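Everything numeric in this text was worked out from a predicted model, so none of it was measured.
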Amino acid sequence: MTDNTDEGASSYGYENGVLTVNDGADITIGIIDGVTSPTSDRIVVNGTSTITLDGVRITSEGDASAIDLFAGAVLTLVAADQSSNSLTAESGGAYEDMGEPGIHVPEDAALIVLGEGSLSVTGGSSLTGAGGVGIGGKPGEILDDARNTFMAREEYAGSVLKQLVDTYAFMERCNRFRTMFEGLERTDYYDVPPVAMREALVNSVAHREYALSVPTLVSVMPGGMEIVSPGGLPLGIEEADPDACISIPRNKMLANILPSRSSRGRSG
């Protein structure tokens with residue numbers, strides 16, 4: 001790899017198979033001579049940067065794209081002259097999995113592709129047929145906070161606990177992991193803290209009104225996640241009461257099961 005960034009800038013970091021490209025970086029990436037098989041190392045981009053690919057072949061592993069842009073990132077991707085490059089997301093291994101995009105570009109990010117070389121970008125396939133796009137958003141993402149454009153929609157059935165497990169797995173797949181570098185310091189974080197995500201989902205199951213036949217809705221948007229659980233406040237609880245940490249579950253039997261699946265205990 002060649003680093004063309006201005007001297008003194010922290011242009012990138014590498015750990016556990018992930019190359020994190022920082023704001024202001026200008027780097028060239030190639031494959032070691034004699035290596036013919038693709039690498040599973042992937043690239044995440046934070047900020048505005050330029051990456052030149054010179055014979056790069058990436059096939060990502062797990063629920064990840066070969067290149068993943070952070071929210072607000074602007075990437076200029078250059079295919080070096082006479083080079084051949086391929087970026088492929090791994091196929092979904094289970095029936096419920098959906099293919100990831102080859103290059104993940106969220107709604108508020110931008111990708112510019114330049115150069116005289118060739119570039120092939122392929123999204124991951126899926127047993128359900130819901131394959132990922134070559135370049136674009138992740139499966140399950142809503143492309144705008146107004147919810148006018150949907151990438152995908154999923155519905156779950158079965159027992160309450162099965163639906164809880166399936167929905168949380170979906171939210172985990174959509175919850176992007178990010179790494180930022182400032183000087184020598186590294187910060188890892190998710191778009192939505194997993195503890196908050198888990199608590200919100202468990203509470204939506206514990207406190208919804210099951211007499212209503214409408215579903216609980218989970219939306220994943222560029223600005224965050226939203227859970228709509230039907231039912232409103234339980235009888236006898238006013239809007240000001242939650243500050244007093246009063247717990248009145250609608251279904252006591254269900255509430256007694258859920259504490260073992262969450263840190264919520266019998267409060268909230």
- Message: Run the side chain to side chain contact (heavy atoms under 4.5 Å, CB included) test against Gln163 and tell me which residues pass, sequence neighbours left out.
- Response: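 Residues passing side chain to side chain contact (heavy atoms under 4.5 Å, CB included) with Gln163: Tyr156.
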Flag, side chain of [X] to backbone of [Y], donor-acceptor distance under 3.5 Å:
{"X": "Asp23", "Y": "Asn46", "answer": "no"}
{"X": "Tyr12", "Y": "Ile27", "answer": "no"}
{"X": "Asp54", "Y": "Gly30", "answer": "no"}
{"X": "Asn175", "Y": "Met171", "answer": "no"}

Shortest non-hydrogen separation from [X] to [Y] and the atoms involved:
{"X": "Ser65", "Y": "Pro101", "answer": "OG-O, 2.6 Å"}
{"X": "Val214", "Y": "Arg208", "answer": "O-NH2, 2.9 Å"}
{"X": "Phe170", "Y": "Val220", "answer": "CE2-CG2, 3.9 Å"}
{"X": "Ser204", "Y": "Ile227", "answer": "CB-CG2, 3.5 Å"}
{"X": "Ile43", "Y": "Ile51", "answer": "CG2-CD1, 3.9 Å"}
{"X": "Val105", "Y": "Ala110", "answer": "CG1-N, 4.2 Å"}

- Item | Any residue meeting side chain to side chain donor-acceptor pair (under 3.5 Å) with Glu185, in chain and number order, not counting sequence neighbours | none
- Just jot down the side chain to side chain donor-acceptor pair (under 3.5 Å) partners of Ser229, sequence neighbours excluded, or say none.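 Ser229 satisfies side chain to side chain donor-acceptor pair (under 3.5 Å) with no other residue.
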- Check step by step if side-chain contact (heavy atoms from CB on, under 4.5 Å) holds for Ile31 and Arg57. CA-CA 8 Å; Ile31 297 295; Arg57 297 177 300 281; 4.1 Å; yes
Decide yes or no for [X] and [Y]: does some side-chain heavy atom of the first lie under 4.5 Å from some side-chain heavy atom of the second?
{"X": "Val44", "Y": "Val18", "result": "yes"}
{"X": "Val121", "Y": "Leu119", "result": "yes"}
{"X": "Thr216", "Y": "Pro230", "result": "yes"}
{"X": "Ile103", "Y": "Leu77", "result": "yes"}
{"X": "Pro106", "Y": "Leu69", "result": "yes"}
{"X": "Glu61", "Y": "Arg42", "result": "no"}
{"X": "Leu87", "Y": "Leu53", "result": "yes"}
{"X": "Val45", "Y": "Asp68", "result": "no"}

- Who passes salt bridge (charged side-chain N to carboxylate O under 4.0 Å, His left out) against Asp41, sequence neighbours left out? none
- Salt-bridged, Glu15 to Arg186, with N to O below 4.0 Å?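 Yes.
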- Task: Linking directly or through intermediates, with side-chain heavy atoms under 4.5 Å: list the remaining ILVMFWY members grouped with Leu114, chain and number order.
- Result: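 Grouped by the 4.5 Å side-chain rule, Val78, Ile112 form the rest of the cluster around Leu114.
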- Message: Walk me through whether Asp81 and Ser83 qualify under side-chain contact (heavy atoms from CB on, under 4.5 Å).
- Response: CA-CA 5 Å; Asp81 292 355; Ser83 70; over 6 Å; no
- Where do Ile67 and Leu75 land on the side-chain contact (heavy atoms from CB on, under 4.5 Å) test, with the steps shown first? CA-CA 10 Å; Ile67 298 182; Leu75 171 63; 4.1 Å; yes
- Task: Please identify each residue that fulfils ring pair (Phe, Tyr, Trp, His ring centres under 6.0 Å) with Tyr190, with sequence neighbours left out.
- Result: Phe177
- Query: When rounded to the nearest 0.5 angstrom, what distance separates OG in Ser118 from CG in Asn85?
  - Reply: 6.0 Å
- To the nearest 0.5 Å, tell me how far Thr50 OG1 sits from Asp26 CG.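 If we round to the nearest 0.5 Å, Thr50:OG1 and Asp26:CG are 5.0 Å apart.
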- Of Leu164, Val160, Asp166, the residue whose pairing with Lys162 passes side-chain contact (heavy atoms from CB on, under 4.5 Å):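 Exactly one pass, corresponding to Asp166.
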